[in-house]
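First the structure, in the form of C-alpha cells, and then the observations on it.
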Amino acid sequence: MSKKMFLVITVLVAMLALFISPAIAQEDRWDGADDLEVNPLECGMAGMEMDATAEADMMATEEMDAEMAATEEAMATEEMDGEMMGGYDGGQAVNAPDLAGQPITLVDVPKLVGIGYFNATSLGMQQAAEELGNVTVTTDAPTEANIDEQITFIDNYITQGVNGILFAANDPVAIAPVLRRALEQGIHVVGYDANSEPDAREWFVNQAEFNGIAKSMIDSLVAEKGEDASFGIVTSTFTTPNQARWIAEMWAYASQCYPELTWLETVEAQEDAVLSFNQATTLLNKYAGDIDGLFGMTSVATPSSADAVTQAGLCGEVAVVGLATPNAMKPYVNDGCVQSVVLWNPIDLGYAAVYVMRAVVDGELTPESTSVMAGRLGELQVVNGSEILLGAPFIFNAENINDFDF
Amino acid sequence: MTALSSPESNIGARVRAFLLSQESILLLIMLAAVLILSTQNSRFLTVDNLLGQGRFLAEIGLIALPMTFIIITGGIDLSVGSIFGLTAVLLGYFWRNLGVPLEFAVVLAIACGTFAGFVNGLFIVRVGISPLIMTLATLALYRGLASGISQGRSVSNYPEWFYQMGQGNFAGVPTQLWILLIAAIISGIVLTRTTFGRTLYAIGNNELATRFSGLPVNRVKLLIYTFSGFMSALAGYVFVSRVTTTRSDMGTGLELDVIAAVVVGGTSIFGGRGSILGTMIGVVLIQLLKNGLALTGVTGDSTIVVIGIVLIVAVLVNDFIQSRRGV
C-alpha cells in the first residue's frame with residue numbers, strides 16, 4: 001500500500017513538473033496580453049487631440065483617393081492604395097434578399113445578457129430601431145460568457161430565419177464558422193464590441209482603437225501618480241480578446257513612453273464582482289506600500305477595485321484607473337477616490353451597430369465605402385479594412401460623470 | 001415470470017414491463033415535446049436542424065456514457081469539463097509549440113486526458129478519497145494546468161482535414177454523431193450483457209457485499225474513471241475540431257450539463273440504477289428542448305428555467321416509477 005502511495009505521488013509530481021515547466025518559461029510579454037502586433041501611439045498627454053488629427057489626416061487621404069477614383073486613369077493607383085492600406089477584408093452575405101427600405105428583423109447576440117454594459121448597447125439598438133422605424137431588433141444571449149452556448153444561440157437564429165445578426169464575440173475564432181454559415185444563408189452579419197475573424201462578418205463597429213484606450217489608461221495613471229508608479233492589473237481572463245489586446249498595447253505604449261513604470265502583476269477575476277474585489281484586495285495586501293495604482297480592465301473589475309481601495313482605506317494613496325460604466329463609478333468618482341474612468345459610450349456603440357446594419361441592407365455601405373452615416377452620431381469612418389470607428393475614447397471625471405446615466 | 005406461463009403472456013409481460021419502464025416514459029415525454037415544439041415553429045422538425053443539433057449534443061453525449069457507468073456505481077466525476085479543456089489545450093500545445101505532427105498531437109492529447117482520468121481512479125481506489133472530493137479537486141487542478149500551459153493563448157489555423165471530425169459529414173450525417181452512436185451501442189452492450197456491467201450495478205447497490213462476493217471492485221472502478229478521462233478527451237478533440245480553436249476555458253461547467261442529462265435519463269444519483277438508452281434520451285431531450293424553445297422565440301434565460309423544471313419533473317417521475325415497482 002505505501003509503495004503504491006509512493007508511486008502515485010511520484011507520478012503526480014512528475015506530471016506537475018511536466019506541465020508546469022513550460023508555464024514557468026518567461027517571455028517578453030506581460031501576463032494577460034496577447035501576442036498580436038502592437039501599434040503604440042506617440043507619447044504625450046495631448047494624445048486625444050493628436051489621435052483625432054491623425055484620423056482627420058487619414059480622412060483627407062481617403063477623400064482624395066475617392067476623388068482620384070473618379071478619373072479612370074487613377075483606378076490602378078486606387079487599387080494599389082487599397083491593398084497597401086489593407087483593403088476591405090470582410091465577408092459578404094451570399095444572395096441576400098434585396099430588402100432596401102423594407103422592414104427587417106435583427107437579432108443581437110452579445111457575449112452574455114444581464115450586465116449593465118450590454119444592457120446599454122441593447123438600449124442603443126432600441127433607440128436606433130425606433131428612429132429608423134423599419135427595424136426590429138431582439139437581444140438574446142447566454143447568461144454566461146460561454147463560447148459554445150453563444151454558437152448555439154446564433155445557430156438557432158439562423159435556423160429560425162432573421163435578416164441580420166449583430167454579435168459581440170466571446171472568441172474571435174470559435175464564433176467564425178457559425179457566422180460564415182449565416183453569410184452563406186444570405187443573412188447579414190455585423191459585429192460590435194468584440195470582433196470575429198474579419199471574413200466571417202461584413203463589418204465590425206470598433207468602439208475605440210486598442211492603442212487609443214491603452215494610451216488613455218497609462219496617461220491617466222501617470223498624471224495621477226507620476227512616471228515611476230507601480231501598479232497591478234485586474235482583468236477578466238488572460239484569453240479574453242479585448243482585454244488581452246489592451247494590455248498588450250498598454251505594455252507597448254508604456255515601454256516606449258514611460259519605461260520607469262513598474263508592472264507588478266496581472267490577476268484574473270472573470271467578470272465577477274466578488275472575485276474582482278478579492279483579487280484587488282489580494283494585490284493591495286501583497287504589495288502593501290509599494291503599489292500606487294490599480295487598472296481595472298473590465299466594467300466589473302474597475303468598480304470592485306475602487307471598492308477594495310476604499311475599504312482598505314487607501315483612497316488617494318492607490319489610484320484606480322479603468323474601464324467602467326459611469327453609474328457604477330459615480331460613488332467613487334464623487335468622493336474623490338477615483339479620478340478618471342476610461343470608456344466609450346456603449347449606448348452609441350449599439351446605436352451605431354444598428355445603423356451600420358441598416359446601411360448594409362440598403363446597399364449604402366459597400367466594400368468601397370470610406371464612411372457611413374449613423375444618425376445622431378453623424379459620419380463614422382471606415383478603418384482597418386472593414387471596421388467602423390465609433391470615435392476616440394472618453395474619459396469620465398468628477399466634472400462630467402454626473403451628466404451620464406448608464 | 002415462472003416457467004409455467006405461456007410464451008404469449010411472457011411477451012405480453014415484457015411489453016408491459018417495457019411500457020412501464022423509465023425509458024418508454026421518457027420517450028413519450030420527448031415525443032410530446034417534439035410534437036408541441038414542431039407546431040410552434042416550422043423549421044424545428046427539419047432534417048437540417050435535427051442533424052445540426054446532433055453536432056451540438058455529441059460532446060455531451062460522449063461524456064454522458066462513462067458518467068452513466070460512474071453514477072450507477074454511486075460515484076461521480078466532476079472533472080470531465082476540465083479534462084475536456086486540458087485535452088484541447090494540450091492538443092494545440094503539442095502541435096504548435098512542440099512541433100508534434102497533428103495526428104500524433106491528437107493521439108498524445110487524448111492519451112494525456114485518459115491519464116488524467118486514470119489519476120482520478122487511482123486516488124479514489126487506492127487512497128480511498130471520495131469521488132466527489134477527488135474530482136472536485138482535479139476539476140480545479142486540471143483547469144489550472146490548462147490555463148498554465150496555454151498561457152492564455154489560443155491556437156487556431158489547423159489544416160483543413162482536421163475539421164472533418166467536428167464539421168464534416170459521413171454518409172450525410174455529422175461525423176461525430178457516428179462516433180457517438182457506435183460508442184453508445186458498445187457502452188449499452190457492455191452495461192447490460194457483460195459481467196463488467198453487472199458489477200457496476202452491484203457496486204452501486206452494495207459495494208461491501210460486492211467486494212465480499214469476490215468481484216474486482218477496485219479494478220472496475222479504476223477502469224470507469226479512466227474511461228471517463230478517455231471520453232472527455234475524445235469529446236475535447238471533437239470540440240476543438242468543431243470550433244476550430246483551443247482555449248483554456250473550454251468546457252467550463254460541462255460536468256453539470258452531462259450530469260443533468262444522465263439524471264434526466266433515469267440514472268439514480270444514489271447508484272444501482274440506470275441505462276445507456278435512458279442517458280441518450282436524456283441528452284437528446286435536453287438539446288431538443290433548448291433548440292425548440294429558442295426557435296419558438298423563448299429567450300436564453302427563460303430556457304434554462306424550463307430545463308430546470310424538466311430536471312425536477314424527471315426526478316419526480318423516477319421516484320414515482322420506483323415506488324410503483326416497490327409495490
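Below, chain A is the first sequence line, B the second, and so on; all start at residue 1. Bear in mind that the values here come from a model prediction, so they are computed numbers and not experimental data.
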Classify the side-chain pair [X]/[Y] by whether it contains a donor and acceptor separated by less than 3.5 Å.
X	Y	value
Q176(B)	R55(B)	yes
R201(A)	N195(A)	yes
N41(B)	T296(B)	no
T135(B)	T138(B)	no
N120(B)	S228(B)	no

Inset, instruction - First locate atom CE of M250(B), then atom OG1 of T245(B), and finally report the distance between them rounded to the nearest 0.5 Å. - result: 5.5 Å
Inset, instruction - Drop me the distance from N278(A)'s CG to L283(A)'s CG, to the nearest 0.5 angstrom. - result: 11.5 Å
Inset, instruction - Select, from I175(A), D155(A), T143(A), the one with the greatest count of heavy-atom pairs under 4.5 Å involving chain B. - result: D155(A)
Legend entry - Most contacts with chain B, counted as non-hydrogen pairs under 4.5 angstrom, among N146(A), I147(A), D171(A), V178(A): D171(A)
Can you say whether [X] sits under 4.5 Å from chain A via the side chain, the backbone, both, or neither, judging by heavy atoms?
X	answer
L254(B)	neither
F44(B)	neither
T252(B)	backbone
N291(B)	both
V298(B)	backbone

Legend entry - Atom group of N156(A) that falls short of 4.5 Å from chain B, counting heavy atoms: both
Inset, instruction - Answer with side chain, backbone, both or neither: which region of P142(A) has an atom nearer than 4.5 Å to a non-hydrogen atom of chain B? - result: neither
Legend entry - Lys/Arg N to Asp/Glu carboxylate O, R245(A) vs E249(A), below 4.0 Å: yes
Inset, instruction - Name the member of G253(B), S154(B), S156(B) that forms the most heavy-atom pairs with chain A at distances under 4.5 Å. - result: S156(B)
Legend entry - Pairs of heavy atoms under 4.5 Å with chain A: top-ranked of R247(B), Q167(B), Q53(B): R247(B)
